[in-house]
S.K.: 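Dropping a structure here in structure tokens format, bear with me for questions.
Protein chains get the first letters and strands the later ones, always in sequence-line order, with residue 1 at the start of each. Hydrogens, waters and symmetry mates play no part in the numbers below; they use all other heavy atoms, side chains included. Computed from a predicted model, the values in this text were never measured in an experiment.
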Amino acid sequence: MINSDNKVIFIVGATASGKSNFGLILAQALDSSIVSCDSMQIYRQANVGTAKISPEEMQDVDHFMIDIVDVDKSFSVSEYSAQANEIINQLHLDKKIPIVVGGTGLYVDSLLFPMSFGCNNDEELRKKLEKDLEEYGAEYMHNLLKEIDPQEAEKVHCNNTKRVIRALEIYYLSGKIKSETKELSKPMNYNTLLVVLNPPRKELYARIDKRVDEMFEKGLVEEVKMIVENSSWDAQAVQAIGYKEFKGYFDGNLTLDEVKNLIKLNSRHYAKRQLSWFRRYPFANWADLDDEKQYEEILSKILKFVQE
RNA sequence: GGGUAGAUUCCCGAGCGGCCAAAGGGAGCAGACUGUAAAUCUGCCGUCUCUGACUUCGGUGGUCCGAAUCCACCUCUACCCA
């Protein structure tokens, strides 16, 4: 018996840890839908490089938050959060338990917890701040923040100029300071079961290598060409690992083989960062699905969660 | 067979008598993260009983108060001449 009451299952983990596949199995078993939680799979045309599930692979399971933005457009967490939460609510109305699947930590956070995202960003102001940064240096900008929002300045390293600029932006645009916009205590949005897929590190790295090789076989090079034609090297979508590395190749500075190795390397780095992020969740359930015992354990946890 | 260059910590690579456990980079590991997040940034990185001690810079001996740095021989590598 399934009781969907405000429940959401999160399947998260590093790239290539097997999220999509496991999520699909769950969605089928629970007769539910997938809500993708991935900052790059939102882009249309970015298929091979983001390891996006194909329509055939979806096997009639609905997948939301995939292919919702054109490759030349920007997107943000706040937009993601608004749309995805909307979908989750809708699924709840249908008595379904949404399966959130993805590896973008910040996006996962935006579903897990209530968040107030300061204010919109303003193109002109940002350009001005970036110019100031160039002119006066990182330390100057950091000192500026220190006067406005000492608490935030304390937390953000001087060299992390993007964060410093955003914090300044919030103040100039809204008059509020960033450290005040955050909620102190964070009640969870939903009745949540979160699973972090966690193959052994070596195994993970081997899977990443294999996946990157497959991407090349599936026509990554052509996809990148097309995407860059439809956007630019500066586009947000092209910041993704698997795309940005080709810049060197098209400029004639890297061989295809070097690009491939770079993509593998960057993917490993990324995977580590993802794991760092998920380790912050005290409520996370870590599982190596290839380990039979752990697989059983996680399945019974899920079973218990959906029934209770 | 002769000559030249070189062998540095996981890798690349600086050091060329004391300020050297040895610059810098890479890899690896750990961490931060609220509107670019597959982004951006930070820390550790010879060993230990860790504000000090110990063992390292191809090997063995030597010079010197003191050597990764100088000398001798040896081993290996690269290139050149035969």
S.K.: Is the shortest side-chain N/O distance from K162(A) to OP1 or OP2 of C33(B) below 4.0 Å?
M.R.: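 Negative; the distance criterion is not met.
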
S.K.: If only side-chain N and O atoms count, and only distance matters, is there a donor-acceptor pair under 3.5 Å linking Y243(A) with Q239(A)?
M.R.: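 Q239(A) vs Y243(A): no donor-acceptor pair found between side chains.
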
S.K.: Are side-chain N/O atoms of Q307(A) and N3(A) paired as donor and acceptor at under 3.5 Å?
M.R.: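 Looking only at side-chain atoms, N3(A) and Q307(A) do not form any donor-acceptor pair under 3.5 Å.
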
S.K.: Run the salt-bridge test on R166(A) and E169(A) with the 4.0 Å N-O cut-off and return the result as yes or no.
M.R.: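 Salt bridge present between R166(A) and E169(A).
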
S.K.: How long is the line joining CE of M115(A) and C1' of A37(B), in whole Å?
M.R.: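 Going from CE in M115(A) over to C1' in A37(B) covers 12 Å.
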
S.K.: Would you say A37(B) has OP1 or OP2 under 4.0 Å from some side-chain N or O of Q236(A)?
M.R.: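 Indeed, a polar side-chain atom of Q236(A) lies that close.
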
S.K.: Between C33(B), U42(B), A37(B), which one does the side chain of H157(A) approach most closely?
M.R.: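 Of all the options, the side chain of H157(A) is nearest to U42(B).
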
S.K.: How far, in whole Å, is A7(B) from C57(B) if one measures between their P atoms?
M.R.: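 C57(B) and A7(B) have their P atoms separated by 14 Å.
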
S.K.: Could you check whether R126(A) pairs with D122(A) (Lys NZ or Arg NE/NH1/NH2 to Asp/Glu carboxylate O, under 4.0 Å)?
M.R.: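 Salt bridge absent between R126(A) and D122(A).
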
S.K.: Return the pairing partner of U77(B) with a 3.5 Å limit on both distances, Watson-Crick or G-U wobble; otherwise return none.
M.R.: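 By the stated definition (distances under 3.5 Å), A5(B) pairs with U77(B).
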
S.K.: Under 3.5 Å, is there a donor-acceptor pair between the side chain of T104(A) and the main chain of L106(A)?
M.R.: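 No, the answer is negative, given that no donor and acceptor are paired below the 3.5 Å cut-off.
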
S.K.: Check the distance between A32(B)'s P and D109(A)'s CG and give it to me in whole angstrom.
M.R.: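 Answer to the nearest Å: 12 Å.
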
S.K.: Do L133(A) and I165(A) come within less than 4.5 Å of each other through their side chains, counting heavy atoms only?
M.R.: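 A side-chain contact exists here, since the closest heavy-atom pair is under 4.5 Å.
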
S.K.: A32(B) C1' sits how many Å from Q151(A) CD, rounded?
M.R.: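 Whole-Å distance recorded here is 16 Å.
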
S.K.: Between C1' on G28(B) and CG on L275(A), what's the gap in Å once rounded to a whole number?
M.R.: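 Distance, rounded to whole Å: 15 Å.
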
S.K.: Scan every strand shown for a Watson-Crick or G-U wobble partner of C70(B), both distances under 3.5 Å, and answer none if you come up empty.
M.R.: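 The base-pairing partner of C70(B), which may sit in any strand shown, is G62(B).
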
S.K.: Mind running a 4.0 Å heavy-atom check of residues 246-274 of chain A against RNA chain B and sending the residues that fall below it, in number order?
M.R.: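 Those residues whose heavy atoms fall under 4.0 Å from RNA chain B, taken from residues 246-274 of chain A in numerical order, are L265(A), R268(A), H269(A), Y270(A), K272(A), R273(A).
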
S.K.: Could you measure between the two P atoms, the one in U9(B) and the one in U56(B), and give it in whole Å?
M.R.: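 Looking at atom P only, U9(B) and U56(B) are 14 Å apart.
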
S.K.: If I pick the P atom on G46(B) and the same atom on A22(B), what distance separates them, to the nearest angstrom?
M.R.: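 To the nearest whole Å, 9 Å.
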
S.K.: For a quick check of understanding: with a heavy-atom distance under 4.0 Å over all strands, which category does R126(A) fall into, base, sugar-phosphate or nothing?
M.R.: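 R126(A): base contact, heavy atoms under 4.0 Å.
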
S.K.: Between A21(B) and A67(B), how far apart are the P atoms? Round to whole Å, please.
M.R.: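 These two P atoms come out 12 Å apart once rounded.
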
S.K.: Is the shortest side-chain N/O distance from R163(A) to OP1 or OP2 of A39(B) below 4.0 Å?
M.R.: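 False: R163(A) side-chain N/O out of range (4.0 Å or more) of A39(B) OP1/OP2.
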
S.K.: Quick check against the 3.5 Å criterion: does T50(A) have a side-chain atom that pairs as donor or acceptor with the backbone of N47(A)?
M.R.: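 At least one qualifying donor-acceptor pair exists.
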
S.K.: If we take the C1' atom in both G26(B) and A14(B), what is their distance in whole Å?
M.R.: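 It works out to 15 Å between them.
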
S.K.: Are any of the side-chain nitrogens in R44(A) or D67(A) under 4.0 Å away from the carboxylate oxygens of its partner?
M.R.: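 Result for this pair is no, no salt bridge flagged.
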
S.K.: Whole angstroms only, please: what is the CZ-C1' distance between R279(A) and A32(B)?
M.R.: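 Answer to the nearest Å: 13 Å.
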
S.K.: It should be established whether Y107(A) places a side-chain nitrogen or oxygen under 4.0 Å from OP1 or OP2 of nucleotide A39(B).
M.R.: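 No, because none of the side-chain N or O atoms of Y107(A) sits under 4.0 Å from OP1 or OP2 of A39(B).
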
S.K.: Return no unless some side-chain N or O of N160(A) is found under 4.0 Å from OP1 or OP2 of U42(B).
M.R.: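 Negative; the distance criterion is not met.
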
S.K.: Where each residue is assigned the nucleotide of RNA chain B containing its nearest heavy atom, which of G103(A) and R166(A) is assigned the position nearer the 5′ end?
M.R.: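 The residue whose closest nucleotide sits nearer the 5' end is R166(A).
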
S.K.: For V77(A), is there any backbone N or O sitting under 3.5 Å from a side-chain donor or acceptor partner on S81(A)?
M.R.: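 Flag not set: sc S81(A) to bb V77(A) has no pair under 3.5 Å.
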
S.K.: Under a 3.5 Å distance rule, please check whether E296(A) uses its side chain to pair with a backbone N or O of K293(A) as donor and acceptor.
M.R.: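 Flag not set: sc E296(A) to bb K293(A) has no pair under 3.5 Å.
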
S.K.: Mind calculating the distance between CD (E130(A)) and P (A39(B)) to the nearest angstrom?
M.R.: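 Going from E130(A) (CD) to A39(B) (P), I get 17 Å.
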
S.K.: Work out how far the C1' atom of A37(B) is from that of A32(B), and round it to whole angstrom.
M.R.: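 A37(B) and A32(B) have their C1' atoms separated by 13 Å.
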
S.K.: Is Y205(A) touching bases, backbone alone, or none of the nucleic acid, heavy atoms closer than 4.0 Å?
M.R.: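 Sugar-phosphate, backbone atoms only, no base.
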
S.K.: For the residue pair E223(A) / Q45(A), report whether a side-chain donor-acceptor contact shorter than 3.5 Å exists.
M.R.: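 No pair is found: no donor N or O on one side chain lies under 3.5 Å from an acceptor on the other.
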
S.K.: With no hydrogens and no angle check, just 3.5 Å: does a side-chain donor-acceptor pair link N85(A) and Y80(A)?
M.R.: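 Looking only at side-chain atoms, Y80(A) and N85(A) do not form any donor-acceptor pair under 3.5 Å.
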
S.K.: Is the shortest side-chain N/O distance from R280(A) to OP1 or OP2 of C33(B) below 4.0 Å?
M.R.: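 Answer yes for this pair, as a side-chain N or O of R280(A) is under 4.0 Å from OP1 or OP2.
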
S.K.: Could you list by number each residue of residues 67-88 of chain A showing a heavy-atom separation from RNA chain B of less than 4.0 Å, or answer none if no residue does?
M.R.: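 Nucleic-acid contacts, sorted: F75(A), S76(A), V77(A), S78(A).
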
S.K.: Between C54(B) and U36(B), how many Å separate the two C1' atoms, rounded to a whole number?
M.R.: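 Each nucleotide's C1' atom is 49 Å from the other's.
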
S.K.: Taking atom P of C33(B) as reference, at what distance in whole Å does atom NZ of K178(A) sit?
M.R.: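 In whole Å, C33(B) P and K178(A) NZ are 10 Å from each other.
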
S.K.: Can you pull out the residues from residues 45-55 of chain A that lie within a 4.0 Å heavy-atom distance of RNA chain B?
M.R.: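 RNA chain B contact set from residues 45-55 of chain A: G49(A), T50(A).
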
S.K.: Is the ring pair Y249(A)/F246(A) parallel, tilted or perpendicular, if the boundaries are 30 and 60 degrees?
M.R.: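 Rings of Y249(A) and F246(A): perpendicular, as their planes differ by over 60°.
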
S.K.: Would you mind pulling out the nucleotide paired to U49(B), Watson-Crick or G-U wobble, both distances under 3.5 Å?
M.R.: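 Its partner: none found.
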
S.K.: Rounded off to whole Å, could you give me the CD-to-C1' distance for the E152(A) and C33(B) pair?
M.R.: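 Nearest whole value for this atom pair: 10 Å.
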
S.K.: N159(A) side chain: which of A37(B), C29(B), C41(B) is closest?
M.R.: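 Among the listed nucleotides, the one closest to the side chain of N159(A) is C41(B).
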
S.K.: Rounded to whole angstrom, note down the C1' distance from C79(B) over to C10(B).
M.R.: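 Approximately 28 Å lies between the C1' atom of C79(B) and that of C10(B).
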
S.K.: Should C29(B) form a Watson-Crick or G-U wobble pair with both distances under 3.5 Å, which nucleotide is its partner?
M.R.: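 Base partner found: G43(B).
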
S.K.: Could you tell me which non-hydrogen atom of V108(A) sits nearest to which non-hydrogen atom of C37(A), and how far apart they are?
M.R.: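 Looking at all heavy atoms of both residues, the shortest contact is N-SG, 3.4 Å.
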
